[in-house]
Amino acid sequence: MKLQDQWQFIRSNMKKSKSRVYMTVLASAMACTFLVVLASVGFGIHDTLIKDVIENRNVTQIEIYGLDKDGESKEIGDEEIKQIENMEGVKAVTRSKELAQTPVYRTDNYAGHGWTVVSHFPSEIEAGMEVEEGRLPENANEIIVGHHFSNELIPQDKDVNEIFDANGELLEEFAYKDSLLGKEISLTVSKETNGKEEEHTLNVTIVGITAPPARGWMEDRTVHISEELLAEIEDFTGTVKGAVHESEDHYVSSGYDRIHAYAHNMEGVVDISEQLNEEGYYAYSPAEELKNINVVFTIVKAGLIFIGTIAIIIASIGIYNTMTMAVTERTPDIGIMKALGAHPKKIKQIFLLESSYIGLLGVLIGIVASYIISFIANIGLTMIVEGMFEEQLPEGFRFSSIPLSLVAITVIICLTVTVISGSKPAKKATQVDVLQALRREI
Amino acid sequence: MIKVNNISHTFYLGKKGKETAVSVLKDISFSVNEGEIITITGKSGSGKSTLLNLVGGFLRPTEGEIWIEEKNITTLSEGDLADFRLENLSFIFQSFQLIPSMTAYENVELPLVLKGLDRDIRRKRVMTALERVGLQDHASYYPSELSGGQQQRISIARALVMESKIILADEPTGSLDSETEQEILAFIKELNEKENLTFLIITHDEEVAKIGHQRIHLHDGEIMKEGVSV
């Protein structure tokens, strides 16, 4: 018997008991909807948290704070950095020293402060830094600035109350609009000795502007200076990294302030972190945080799916009942088919297909309904929470999310349960006694 | 073509553990050649239906062997027996055994669907079979819309469509009036003569029994010949 004929047979049989089949499909659909919507809450909150972690940080980045050598904290130097660079899966190790004061940058009639660092450009480029305009510095007095550095610059010949709006934002008309590339600007640092403040100005040329950060809401106003320039500033201030006060010297280290290792991919981050920890480094990565979040949410989602599965098992009782009644009602037909030569396996297959068909219809309707409910919940619940509790939910917050994996899990659970619930009636169909079914006299 | 060797059959009736053995057939042997009509007669309870059920593979004999087309069907599994029936045996039942929810066409088509034949081949063979029983115009009728004689003709068409050489008939005219009975008997004879089909017919009707080339009379589960058990 061909599969196509079996479908034909099943469909015509199902038509005979339409209302019963509809109710069973409805029960299966409701159970599937319950499972999907319930689990989708776990998926939705999980997605939101992951999005939050990923959006705020680079997930392939590992922050390295320091090194523990024989119980004592040690500064990370070039030797250790080389060791980290040689670790398996490490793409680049960026390191930078921060100027211990915020210098003033001036050009034309504009001035502004800038977070100033000495970066190791080869590793920065390896890690993904891009120079959008210009080139990397080649001389001591050449610098490159972040994409949004010009936002730091404000006109000096205007009244402060005039150039800012009520929110403290610089009005568009007073923003620095010229290109900074190739511009010579002054860099003024200061020092304080015995309560007396002194300033020292250096002239530097902007030779490059970095590309904007990947995330639109981020701003890069960093100024990258050379080692030589830092040394000149240190000479002037007489302090490590150009600290304004001598007293600050104790708190400022001469080593790198920021060391970041970059993995080729997110999967490699955990391995590198483990390796770093084994070697005594203090390391942290968002991937580890993600790992912990994933563990917790995998358990939560598994629990929710388990509860939803109970609903499907309850619905499967309906399928069992429907199939048992179908076998009982069709006993004479089964008897005739067996008398004509229908193989028991085929009869079993027909009833299993019928129960699977009911399950499949249920799961399809259930999934469509789940997507609709999920869509409404994401809009409606956000409005309710914001309206009733006056709480502003994070941007992009989702109560419910239905990924394809959840759909696949639901289809598998639903079909497995329906096949199991249909298997006993199907077996019963194969055991129909031909003679009794034909009501013969023996 | 059919060889029945020393078969006996006993039913165990009653509650489990307190069953009573009822011997229905005792040491029955006979053989049927190709193109022969064999009629088996006997009173109610003589074991004739049990004999047909054994030959049809619906029951397994307590003792003895049944050979059909060189195959000992008593040793076949249930699945193999189903396949064997589909390929080699056709049935005509007293109460027609048509599926009420299927049209005449679908009832006749059913064995071919079970065989897994293509739709076009099925259509051709079903229409030919319906034409042969003269009911090609009734293809879309449901059994409840047909008379007893017409239903039996549909049942015969279903047997013919299988193109098996052996047809087992259980009281084929038992539910029909005498005029229709004559019609059906004439048709069986015609099929036997023109197409060399082998018939094993169970009947209590002497008129039907007369068409048999070989006649077996059962009495209390034994073959009788001129009042003496054989």
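In what follows, chains carry the letters A, B, and so on, assigned in the order in which the sequence lines appear, proteins first and then strands, with residues in each chain numbered from 1.
- Atom NZ of B:K124 has 12 or fewer heavy atoms from other residues, nucleotides or ligands within 6.0 Å.
- With a 4.5 angstrom heavy-atom cutoff, A:Q4 touches chain B only via side-chain atoms.
- A 4.5 Å side-chain heavy-atom check between A:D333 and B:P100 finds at least one atom pair inside the cut-off.
- The environment of B:H204 atom NE2 is sparse: at most 12 non-hydrogen atoms of other residues, nucleotides or ligands sit within 6.0 angstrom.
- With a 4.5 Å cut-off on non-hydrogen atoms, B:L117 touches chain A through its backbone but not through its side chain.
- Here the CD atom belonging to A:Q8 is positioned 6.0 Å from the CZ atom belonging to B:R119, to the nearest 0.5 angstrom.
- Atom CG of A:L435 is separated from atom OG1 of B:T50 by 8.5 Å, given to the nearest 0.5 angstrom.
- For the pair A:P344 and B:G79, the tightest heavy-atom approach, listed with the atom from each and the gap, is CD-CA, 3.9 Å.
- For the set B:R158, B:M162, B:E87, the count of heavy-atom pairs under 4.5 angstrom toward chain A peaks at B:R158.
- One finds the NZ atom of A:K345 at 9.0 Å from the CG atom of B:D83 (value rounded to the nearest 0.5 Å).
- For B:L98, the part sitting under 4.5 Å from any heavy atom of chain A is the backbone (N, CA, C, O) and nothing else.
- For A:H264, the NE2 atom is densely surrounded, since the number of other residues' heavy atoms within 6.0 Å is greater than 12.
- Contacts of A:L340 with chain B are made by both backbone and side-chain atoms, with heavy-atom separations under 4.5 Å.
- A:K346 contributes atom NZ, which lies 10.0 Å from atom CG of B:L114 (distance to the nearest 0.5 angstrom).
- Open room surrounds CG on A:L404; 12 or fewer heavy atoms of other groups in view lie less than 6.0 Å from it.
- For the atom pair CZ of A:F9 and CE of B:M102, the computed distance is 4.5 Å after rounding to the nearest 0.5 Å.
- Ranking B:G45, B:G47, B:S101 against chain A, the residue ahead of the rest is B:S101, based on heavy-atom pairs under 4.5 Å.
- Looking at A:T430, only its backbone comes within 4.5 Å of chain B, counting heavy atoms on both sides.
- Under the side chain to side chain donor-acceptor pair (under 3.5 Å) rule, B:E78 has a single partner from A:Q431, A:K338, A:H343, which is A:K338.
- When all heavy atoms of A:A339 and B:F93 are compared, the pair lying nearest together is CB-CZ, 4.1 Å.
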